Amino acid sequence: MPASSRLLRRNAPPQPRVLIVDDSAVARAVLARMTEDGGQFEVAGAVANIGDALAFLGGERVDLILLDLEMPGIDGLTGLPDLVATGGDARVLVVSSSCDQGAATTVQALALGAADTLVKPGGAGFAGRFAEVLRERMTKLTERRHEPISSRIVERPAIGRFDIVAIGASTGGIHALSALLRVVPRTFDRPILITQHLPASFSPYFAAQMAVLGNRPCDVAGDRMRLHPGRIVVAPGDAHIVAVSLGDSGCALRLSRELVANGNMPSVDPMLSSLADVFGPRLLAVVLSGMGRDGLEGAEAVRRAGGTVVVQDEASSVVWGMPGAVAGAGHADAVMPPEAIGEMIAAQAR
């Protein structure tokens, strides 16, 4: 090998290390081969159960964990919180046949700390396009973006009373929502609106999960739905939430399927922009973990209207795309972990 090539390899950043957790020896072998094809990732280990995975993580650092859910003994869902805690900064990508379209298991896995999920195909499907999608997901989850932070951002903003909370999130957002909502007491009586990037078939499961985590009723948004105190409303997977003022009678929601510049459906931008028009300085907007820049235009509208914008910090985010874009543009009043955001919201109830 030429000296120049050896120097380039020595100076290149280390490959992300991957741990595979699957009870099938065949699946472990196939996933390992797919992971290392192209030379972008290194398989640090491949184990058959949660116990062996925890033992491995006790002595080895990895960047990504590929986790099956259907395993004998301790299943993947049960062991997921321990893997997240023991794995440190490692992201967990659930690769399981149980993560089919609309599966409640998928929402549970994301709420328990998984960064993303991918359906494991059976038989001959365990190849081809799946390998490409797998590496795409792995690449996104192991990328580290470092956006410039505006000097105007403070650790904890001095905010006045707000009448509504609007939260936008994508990849890693359900886990962040879990941490945030658990801190908010039942006595908090403002409406909470959530736009989370999910397929439409996931909406009922997502709403049910948010009701449990938030300890309050949660509805999937419907057209012409009125907002009520102390309830959570989540965007359906196939429409944007748009707020409409009813004057002294409060606020109603309309569902829009118009295409938006960022390409998401549902999108955070229409929700935040329309709420800013209705509530102005009485709106608290929160942008949590997610890929892309959805929420950036909406956050700018909130700031113009005098509202408050808070984003999740990079250290606790699975992907600091959405919150990083808002922070980098100088539209965030504060950058905090989800628990701290929840405590700030809870302070309004006291």
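Remember, it's a predicted structure, so these values are computed and weren't measured experimentally. When a residue number appears, it is its place in the shown sequence, counting from 1.
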Legend entry - Arg282 (side chain) donor-acceptor with Ile164 (main chain) under 3.5 angstrom: no

Inset, instruction - Measure from the side-chain N and O atoms of Arg17 to the backbone N and O of Glu42, and report whether any donor-acceptor pair falls under 3.5 Å. - result: no

Legend entry - Test item: Ser289 side-chain N/O and Thr171 main-chain N/O as donor-acceptor pair under 3.5 Å: yes

Legend entry - Straight-line distance of Asp223 CG to Ile241 CD1, nearest 0.5 Å: 11.5 Å

Legend entry - Any Met138 side-chain heavy atom under 4.5 Å of Leu93 side chain: yes

Legend entry - Heavy-atom side-chain contact between Asn262 and Leu296 under 4.5 Å: no

Legend entry - Any donor-acceptor N or O pair under 3.5 Å, side chains Asp313, Ser316: yes

Inset, instruction - Check whether any side-chain N or O of His175 sits under 3.5 Å from a backbone N or O of Ala114 as a donor-acceptor pair, and report yes or no. - result: no

Legend entry - Flag for Asp23-Asn49: side-chain donor and acceptor within less than 3.5 Å: no

Inset, instruction - State, yes or no, whether a side-chain contact exists between Ile50 and Leu83 at a heavy-atom distance under 4.5 Å. - result: yes

Inset, instruction - Could you tell me whether Asp116 and Arg137 have a side-chain N and a carboxylate O separated by less than 4.0 Å? - result: yes

Inset, instruction - Considering only NZ, NE, NH1 and NH2 on the basic side and carboxylate oxygens on the acidic side, decide whether Asp333 and Arg303 come within less than 4.0 Å. - result: yes

Legend entry - Salt-bridge criterion met for Asp63 and Arg91 (N-O under 4.0 Å): no

Inset, instruction - Indicate yes or no: at least one non-hydrogen side-chain atom of Asp22 is less than 4.5 angstrom from one of Leu66. - result: no

Legend entry - Residues Ser24 and Arg28: side-chain donor-acceptor under 3.5 angstrom: no

Legend entry - Path from Leu275 to Val311 over hydrophobic side-chain contacts below 4.5 Å: yes

Legend entry - Gln196 versus Ser170, side-chain donor and acceptor atoms under 3.5 Å: no

Inset, instruction - Could you check if a side-chain atom of Phe279 sits within less than 4.5 angstrom of a side-chain atom of Val302, using non-hydrogen atoms only? - result: no

Legend entry - Charged N-O contact under 4.0 Å between Arg304 and Glu300: yes

Inset, instruction - Kindly determine whether Glu132 and Arg129 satisfy salt bridge (charged side-chain N to carboxylate O under 4.0 Å, His left out), including the steps that lead there. - result: CA-CA 5 Å; Glu132 182 181 344; Arg129 175 62 181 158; 2.7 Å; yes

Inset, instruction - For the pair Glu36 (side chain) and Val43 (backbone), establish whether a donor and an acceptor sit closer than 3.5 Å, ignoring hydrogens and angles. - result: yes

Inset, instruction - Go through the side-chain N and O atoms of His197 and Asp294 and say whether any donor and acceptor fall under 3.5 Å apart. - result: yes

Inset, instruction - Flag the pair Leu80 / Val92 as yes when at least one side-chain heavy-atom distance between them is below 4.5 Å, and no otherwise. - result: yes

